[in-house]
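Worksheet: the structure to be examined is printed underneath.
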Amino acid sequence: MSGPIDDYVATLHRELDFDPALARRLASEVEDHLRDAAEADPAWPSPEAERRAVERFGLSREIAAQFAVDAVDRQARRTWVTLAVTVVVTFVAMRLRVIWLDDDVLAPLTNIAPLIDRYAFIAALTVGVIAWFAFRRSLAALAICLGGLVASIGAGIVRADLFASGAPVHVLLSAAGEIALIGVLSFHVIGLGRRLRHTALLRRVGQ
C-alpha cells in the first residue's frame, strides 16, 4: 500500500508531467528528501512520520509551481538560442541564393516573392531583437519571429525555384538547413507555450 510520501511524490510527478525529465528528476529528489526526514522522526517507521515529513515540506502544487518557472526559463533559453541560429542560417542562405541567381533569373519587380523574402526576414529580426531586450518570455513575439522566418524561407525557395532550377549543392544544403531549423524552432516554441500554460495553471489553482 502506498503511504503519504508515495502519494505526495505521485501528485508532484503528475503536476509536472508537461516536462517528463523535470518530473522524474524532481520526484526522485523529493522522495529521497522526504524519506530521510521521515526516518529522522521519532515515530519512524509509521504513516504519521511520513505525514509529518510531507507537511513540513509544503504543498506539492506550490513546489511544482516553483520548479515550473525554472522549466519555463530553461525552455525560453533553448528557444532563443534556436531562433538566433535560425536567423543566422536563414541570412546566409538568402545571400547564397542571391549570389547564385543571375540577373536574368531574378524574379521581376512585380513578383511578390522577393519582397516577402526580404521584408518578412527583416520583420522577424526586428521583432526578435526588441523581444530579446524587453519581452524575452513573450510567446507571441517568438511566434511572430517563427512566422516571419517561415514566410521568408518559403518565399526564398519559391523565388529561386530551387526544386526546378538545378541549384548547386551548397544552395540546396543551406535551404535544407533552414527547413530543419524551422522544425526545431517550432518544436521549442510549442514546448514553451505548453510550459507557460501549465505554469499559469499551477499558480492560479494554488492561489
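The model shown is predicted, which means the values in this text are computed figures rather than measured ones.
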Between [X] and [Y], what is the shortest heavy-atom contact and its length?
{"X": "Gly191", "Y": "Gln75", "answer": "C-CG, 4.0 Å"}
{"X": "Leu185", "Y": "Thr79", "answer": "CD1-O, 3.8 Å"}
{"X": "Thr90", "Y": "Ser152", "answer": "CG2-OG, 4.4 Å"}
{"X": "Ala43", "Y": "Ser46", "answer": "O-OG, 2.8 Å"}
{"X": "Ala37", "Y": "Arg56", "answer": "O-NH2, 3.9 Å"}

Kindly compute the distance separating [atom1] ([X]) from [atom2] ([Y]), expressed to the nearest 0.5 Å.
{"X": "Ile63", "Y": "Gln66", "atom1": "CD1", "atom2": "CD", "result": "4.5 Å"}
{"X": "Glu55", "Y": "Tyr8", "atom1": "CD", "atom2": "OH", "result": "11.0 Å"}
{"X": "Leu192", "Y": "Phe187", "atom1": "CG", "atom2": "CZ", "result": "12.0 Å"}
{"X": "Leu139", "Y": "Arg194", "atom1": "CG", "atom2": "CZ", "result": "12.5 Å"}

Crowded around Arg137 CZ? As in, over 12 foreign heavy atoms under 6.0 Å? yes
Who passes ring-ring contact (aromatic ring centres under 6.0 Å, His included) against Trp132, sequence neighbours left out?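 Expected list: Trp80.
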Would Val127 end up clustered with Phe121 when hydrophobic side chains under 4.5 Å apart are linked, directly or stepwise?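 Each belongs to a different hydrophobic cluster.
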According to a hydrophobic-cluster definition based on side-chain heavy atoms being under 4.5 Å apart (Ile, Leu, Val, Met, Phe, Trp, Tyr only), do Val87 and Val89 belong together?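 The answer is no; the residues belong to distinct hydrophobic clusters.
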Which residues share a side chain to side chain contact (heavy atoms under 4.5 Å, CB included) with [X], sequence neighbours left out:
{"X": "Thr199", "answer": "Ala68, Val69, Val72, Arg203"}
{"X": "Ile182", "answer": "Thr86, Leu146, Leu149, Val150, Ile153, Ser186"}
{"X": "Ile116", "answer": "Ile112, Ala120, Ala151, Ala155"}

Flag, side chain of Glu50 to backbone of Arg35, donor-acceptor distance under 3.5 Å: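 Checked: no pair found.
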Which residues pass the side-chain hydrogen bond (donor to acceptor under 3.5 Å, both in side chains) test with Arg14, not counting sequence neighbours? Thr11
Residues 18-25, side-chain donor-acceptor partners within the protein, below 3.5 Å, at least two apart:
unit_1: Asp19; atom_1: OD1; unit_2: Leu22; atom_2: N; d: 3.2
unit_1: Asp19; atom_1: OD2; unit_2: Arg195; atom_2: NE; d: 3.4
unit_1: Asp19; atom_1: OD2; unit_2: Arg195; atom_2: NH2; d: 3.4

